Protein chains: 2
Amino acid sequence: MRIGDLATRTRVSVRALRYYEEQGLLAPTRSGSGQRHYADAAVNRVRLIQQLYGAGLSSKTIAELMPCVDAKVSTPESRARLAAERDRINAQIAELTLARDRLNDIIDVTSGPNPQCDYV
Amino acid sequence: MRIGDLATRTRVSVRALRYYEEQGLLAPTRSGSGQRHYADAAVNRVRLIQQLYGAGLSSKTIAELMPCVDAKVSTPESRARLAAERDRINAQIAELTLARDRLNDIIDVTSGPNPQCDYV
DNA sequence: CTAAAACCTAACGTTGACGTCAGAAGCAAG
DNA sequence: CTTGCTTCTGACGTCAACGTTAGGTTTTAG
């Protein structure tokens with residue numbers, strides 16, 4: 001499929017797809033005239049990339065991990081890397097949970113016993 | 001206390017503290033010569049700011065919410081805003097959880113049954 | 001009193017993941 | 001054939017939360 005189709009199917013912009021290639025995350029084949037051609041599997045790959053970006057991984061980190069996904073093999077180094085990212089994500093989840101609870105506290109306090117009725 | 005002390009106590013850079021003021025998140029008093037002076041309460045306030053930044057809120061959003069925290073009163077609008085941010089954080093936690101599980105899957109698959117022994 | 005340390009304002013630099021625009025070329029339909 | 005949509009390669013623009021540098025003042029330690 002061509003880049004526009006992939007963009008539509010993944011809901012990722014054409015620019016982003018080119019950017020992913022630039023970062024070494026995606027390697028489409030090229031037609032004679034230079035147009036990119038993607039296999040069906042690219043759809044899932046883009047979704048994985050999006051998910052990892054969403055989790056705060058950088059292009060560089062994702063690029064380092066993709067060969068593991070492709071080859072289904074990890075070196076001790078890449079395994080350590082993966083575990084480190086997982087731990088970072090866990091830490092971030094904990095942080096977000098605290099922030100959320102904090103926000104709920106604020107909501108509770110500021111929604112307090114109808115301020116308009118105090119002293120009335 | 002002065003800006004350097006606050007920076008030390010909150011582990012936030014001096015530049016960041018000035019930036020927070022610029023964004024309307026912090027309002028220190030000034031000494032005759034123009035130096036910023038912070039009350040002790042500023043320590044907790046900076047921590048709250050950091051926590052909200054960490055949760056992905058923007059300066060603008062935080063600036064809108066601080067008056068509620070100060071006055072301990074929220075308007076229906078600000079309450080909706082707070083709830084919206086909380087929901088966004090919950091969504092983000094869910095996303096991170098999925099990504100983490102995905103990473104764990106990758107770790108499992110790539111750490112598979114000793115690849116070096118296959119076909120040996 | 002003096003030198004070092006801390007502070008001030010103003011303003012440009014950084015980073016990452018794209019958005020956007022310019023100009024040229026490929027491709028399906030009538 | 002040509003109209004119009006898609007794609008191509010640069011390359012500059014964006015945005016947020018600071019980092020950094022410059023040049024000058026204030027405070028503190030000795």
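Just the heavy atoms: all of them, side chains too, but no hydrogens, waters or symmetry mates, feed the values below. Proteins come first, then strands; the chains are lettered A, B, ... in the order of their sequence lines, and each starts at number 1. What you are looking at is a predicted structure, and each value in this text was computed from that prediction instead of being measured.
- When the P atom of dT9(D) is taken as reference, atom OH of Tyr19(A) falls 17 Å away, rounded to whole Å.
- Between Leu65(B) and Ile106(A), the closest side-chain pair of non-hydrogen atoms is not below 4.5 Å.
- Residue whose closest nucleotide on DNA chain C sits further toward the 5' end, between Gln35(A) and Ala16(A): Ala16(A).
- The distance between atom NE2 of His37(A) and atom P of dC27(C), rounded to the nearest whole Å, is 12 Å.
- In this structure, Glu22(A) atom CD and dC8(D) atom P are separated by 13 Å, rounded to whole Å.
- For the pair Ser59(B) and Gly32(B), nearest-nucleotide mapping onto DNA chain D gives the more 5' position to Ser59(B).
- Rounded to whole Å, the distance from CG on Leu25(A) to P on dG16(C) is 14 Å.
- In this structure, of dT27(D), dC8(C), dA17(D), it is dT27(D) that holds the atom nearest to the side chain of Ser33(B).
- Here dT9(D) is the nucleotide among dC18(D), dC18(C), dT9(D) with the atom lying nearest to any side-chain atom of Arg18(A).
- Connection of Val14(B) to Leu25(B) is established within a shared hydrophobic cluster, with ILVMFWY side chains joined at heavy-atom distances below 4.5 Å, either directly or through further cluster members.
- Of the candidate nucleotides dT27(D), dG26(C), dC18(D), dT27(D) has the atom lying nearest to any side-chain atom of Arg2(B).
- Side chains of Ser59(B) and Tyr19(B) form a contact here, defined as non-hydrogen atoms less than 4.5 Å apart.
- Under a cut-off of 6.0 angstrom, the local environment of CZ in Arg30(B) is crowded, with over 12 non-hydrogen atoms contributed by other residues, nucleotides or ligands.
- Distance, Tyr53(A) OH to dA17(C) C1': 7 Å, rounded to whole Å.
- If you check every strand for non-hydrogen atoms under 4.0 Å, Ser31(A) touches nothing.
- In the set dT9(D), dC8(C), dG19(C), dT9(D) carries the atom at the smallest distance from any side-chain atom of Arg36(A).
- Checked against dT7(D), dT9(C), dT27(D), the side chain of Arg30(B) finds its nearest nucleotide in dT9(C).
- Distances shorter than 4.0 Å separate some side-chain N or O of Tyr20(B) from OP1 or OP2 on dC18(D).
- Among dG19(D), dA17(D), dT7(D), the nucleotide with an atom closest to any side-chain atom of Ile3(A) is dT7(D).
- One interatomic measurement links the two molecules: CD1 of Ile49(A) to P of dG16(C), which rounds to 17 Å at whole-angstrom precision.
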Chi angles and distances behind the side chain to side chain donor-acceptor pair (under 3.5 Å) call for Gln35(B), Ser33(B): CA-CA 6 Å; Gln35(B) 298 205 345; Ser33(B) 60; 4.8 Å; no
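- Taking atom CG of residue Asp5(B) and atom P of nucleotide dT27(D), one finds them 14 Å apart after rounding to whole Å.
- Between the NZ atom of Lys60(A) and the P atom of dA17(C) there is a distance of 12 Å, given to the nearest Å.
- Summary of the strand contacts: Arg15(B) and Leu57(A) both lie near DNA chain C, and taking for each the nucleotide with the nearest heavy atom, the more 5' one is attributed to Arg15(B).
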